[in-house]
Amino acid sequence: MAKDFSTREENYSKWYNDIVQRADLAENSAVRGCMVIKPYGYAIWERMQSALDKMFKDTGHSNAYFPIFIPKSFFSKEADHVEGFAKECAVVTHYRLKNDPDGKGVVVDDTAKLEEELIIRPTSETIIWDTYRNWVQSYRDLPILVNQWANVVRWEMRTRMFLRTAEFLWQEGHTAHATKEEAIEETHKMLDVYADFAENYMAIPVLKGVKSENERFAGALDTYCIEALMQDGKALQAGTSHFLGQNFARAFDVKFTSKEGKLEYVWATSWGVSTRLVGAVIMAHSDDNGLVLPPKLAPIQVVIVPIYKNEKQYRMVCEKADEIRIAMQNKGLRVKLDDRDTHKPGWKFNEYEFKGVPLRIAIGPRDVENDTVEIARRDTLEKSVYQQQDLPNKVEHLLEAIQDNLFQKALNFRDAKTFYADTWEEFNEILDEKGGFIYAHWDGTAETEQKIKEETKATIRCIPLGNKKQEGKCIYSGKASAQRVIFARAY
RNA sequence: CGGGGUGUGGCGCAGUUGGCUAGCGCACUUGCAUGGGGUGCAAGGGGUCGGAAGUUCGAGUCUUCUCACCCCGACCA
């Protein structure tokens, strides 16, 4: 097979970029740091959206939409929050252009300066809490369970397709509750939704945990996360859920009268996942032949490629192929019959392999004669011949098997890349030679975490939920530690 | 914002100490053959060499300035 792109071994990040481009997922745009998500890549995001959206609705949430522009003054209301985002905000200062008096083109019209600058949302807490103030009077107005699908902008220095771009698509849930307990419960509930989605749709095992102070969301009391492991041994945060306490309620004066007649601040959460998940799926499952997609997220689950030598055979084979397509579609499968005569079968085989289509059915004159088809699995690259009888059911089972196999492979990989380190030397050795998750003791201070980050580039990914308490000594400072936490180099 | 690098058809690149008509691979178009793992042959189309100024009989090649992008750092989902 012709190999014209990098392997994971040769150059992992080039391999990743090659897949994004060759699988037709996205490309760089004329705007620095921003990408164009192409139809095939966007279709994956749409699959993610529809699955997640249903899960949000099933847990009582509704969608709404808030402005992309946020008055600058809103940002100064919550001190930690400003601190966290100030350095990467795009600012709108004018609202009009005019013809350049010196020649061609247009220039900013200086007379059209905004009274107050507008920030392009890096996240929507401030505009949303400013709005919620008017929605809440009484405990009877609570809870508010709202989600929005939106784009946000964070002016990043270094960008990578899907993983970090200046503009990205995401969903952000923002909820308001009467009690602390209820808000905390919501935070955990949505973390569970994310973990469920990651494992059952993306086929990626995740660790649930809480962030250390350093890694916590600006403005949150607690940030929970799901952490996934990529094939190069680096961790990737795949979703976050924040318990915001009453920070934003105080900053935006969101109060309600309780059952007891007392005026109280509401309790808040926010939670989100982004198009970064597309990057996670790519890096978790793909191989040196291209993209590998879990069937539940694949825009095309099965592709049918007809094989023929002449016009007569073409018609005969395509007729059969179309019957098969319709039968599978009626079963709810996403099927494509590629009957283009402009490309050869071998070319198509490679094309769909690059694109990660889970199953490929080849059907030729011999198959029509024998009532068979050849089915190739993308995950194992195995080919076998199947009888056409009851094909939709067989295909459905194969897709389930692929979904399970991908998850199991990813889980085995993570298990093999999970280590325990008890000394600083051991810790460094694992980081440099193996990568992956490292359980190690930590004295609990931000200073130590910072030092470790500076010296090794590894960060605390999370403190796992339900973590075992265990006496020990901090890997770096040697001070007393109550538990092991998870370290890794991360995206 | 520091350090390094690259700009030549759509993409990837070559182009020697300045030299005459700027090449190659992929892609594209047409024709014929081919068709169960990226088909072969033949014939075509497409480039003011990132931009500006300068040196020279002559600049893709040398000089100066400028712009853009990429990589490595600080920052980050």
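Note on naming: letters A, B, ... go to the chains in the order of the sequence lines (proteins, then strands), and numbering restarts at 1 for each one.
Across all strands shown, A:Q313 has no heavy atoms under 4.0 Å from either base or sugar-phosphate atoms. The residue A:N310 sits apart from the nucleic acid: no heavy atom pair falls under 4.0 Å. A:L163 comes within 4.0 angstrom of a base, heavy atoms only. The residue A:F217 sits apart from the nucleic acid: no heavy atom pair falls under 4.0 Å. Using a 4.0 Å heavy-atom criterion, one finds that A:K211 contacts no nucleic acid atom at all. Using a 4.0 Å heavy-atom criterion, one finds that A:R360 contacts the bases of the nucleic acid, with or without backbone contacts as well. When heavy atoms are screened at a 4.0 angstrom cut-off, A:Q237 is found touching the sugar-phosphate backbone but no base atom. As judged by a 4.0 angstrom heavy-atom cut-off over every strand, A:D341 is placed among the base-contacting residues. If you check every strand for non-hydrogen atoms under 4.0 Å, A:T159 touches nothing.
Phosphate proximity of B:C70 to A:R32: present, with a side-chain N or O under 4.0 Å from OP1 or OP2.
In A:W424, the CH2 atom is crowded: over 12 heavy atoms of neighbouring residues, nucleotides or ligands sit closer than 6.0 Å. Within 6.0 Å of the CD atom in A:Q389, the count of heavy atoms belonging to other residues, nucleotides or ligands does not exceed 12.
Side-chain proximity of A:K457 to B:G73, B:G38, B:G35: nearest is B:G73. Closest contact between the side chain of A:R366 and the listed nucleotides B:G36, B:G73, B:C76 involves B:G36. Distance from the side chain of A:F354 is smallest to B:G38 among B:G38, B:G36, B:A77. In this structure, the nucleotide among B:G38, B:G35, B:A77 sitting nearest to the side chain of A:W347 is B:G38. With B:G38, B:G36, B:G37 as the choices, the nucleotide that has an atom nearest any side-chain atom of A:D367 turns out to be B:G36. Comparing atom distances between the A:N350 side chain and each of B:G36, B:G37, B:C76 picks out B:G37 as nearest. The side chain of A:E351 has B:G38 as its nearest neighbour among B:A77, B:G35, B:G38. Closest to the A:R164 side chain, of the nucleotides B:G38, B:A77, B:G36, is B:A77.
A donor and an acceptor atom sit less than 3.5 Å apart, one in the side chain of A:K383 and one in the base of B:G37. On a pure distance criterion of 3.5 Å, a polar donor-acceptor pair joins the side chain of A:E353 and the base of B:G37.
If you take atom P in B:G23 and the same atom in B:G45, they sit 13 Å apart, rounded to whole Å. Rounded to the nearest Å, the gap between the C1' atom of B:C67 and that of B:G50 is 7 Å. Rounded to a whole angstrom, the distance from the C1' atom of B:G18 to that of B:G60 is 10 Å. Distance noted for atom C1' between B:G47 and B:C13: 14 Å (whole Å). Going from the P atom of B:G31 to that of B:C20 covers 38 Å, rounded to whole Å.
In this structure, A:Y491 and A:V368 both approach RNA chain B, and ranking their closest nucleotides by distance from the 5' end singles out A:V368. When each of A:A166 and A:V31 is assigned the nucleotide of RNA chain B bearing its nearest heavy atom, the one mapping closer to the 5' terminus is A:V31.
The separation between A:I307 atom CD1 and B:G35 atom P is 12 Å, rounded to whole Å. As a whole-Å value, the separation of A:L169 CG from B:A77 P is 18 Å. In this structure, A:Y308 atom OH and B:G36 atom C1' are separated by 13 Å, rounded to whole Å.
Using the six-membered ring where Trp is involved, A:W170 and A:F168 have ring planes that are perpendicular, over 60° apart on the 30 and 60° scheme. A:W129 and A:Y132 have perpendicular rings, their planes meeting at more than 60° on a 0 to 90° scale where under 30° would count as parallel. The aromatic rings of A:Y314 and A:Y308 lie perpendicular to each other, with more than 60° between the two planes, well past the 30° mark.
The nucleotide B:G37 finds no pairing partner, because no Watson-Crick or G-U wobble arrangement with both distances shorter than 3.5 Å includes it. Searching all strands for a Watson-Crick or G-U wobble partner of B:G54 with both distances below 3.5 Å returns B:C62.
Taking the centre and axis of the six-membered ring of A:F349, the NZ or CZ atom of A:R360 falls inside the cone set by 45° and 6.0 Å.
If you run side-chain hydrogen bond (donor to acceptor under 3.5 Å, both in side chains) between A:T223 and each of A:H242, A:Q237, A:E215, only A:H242 comes through.
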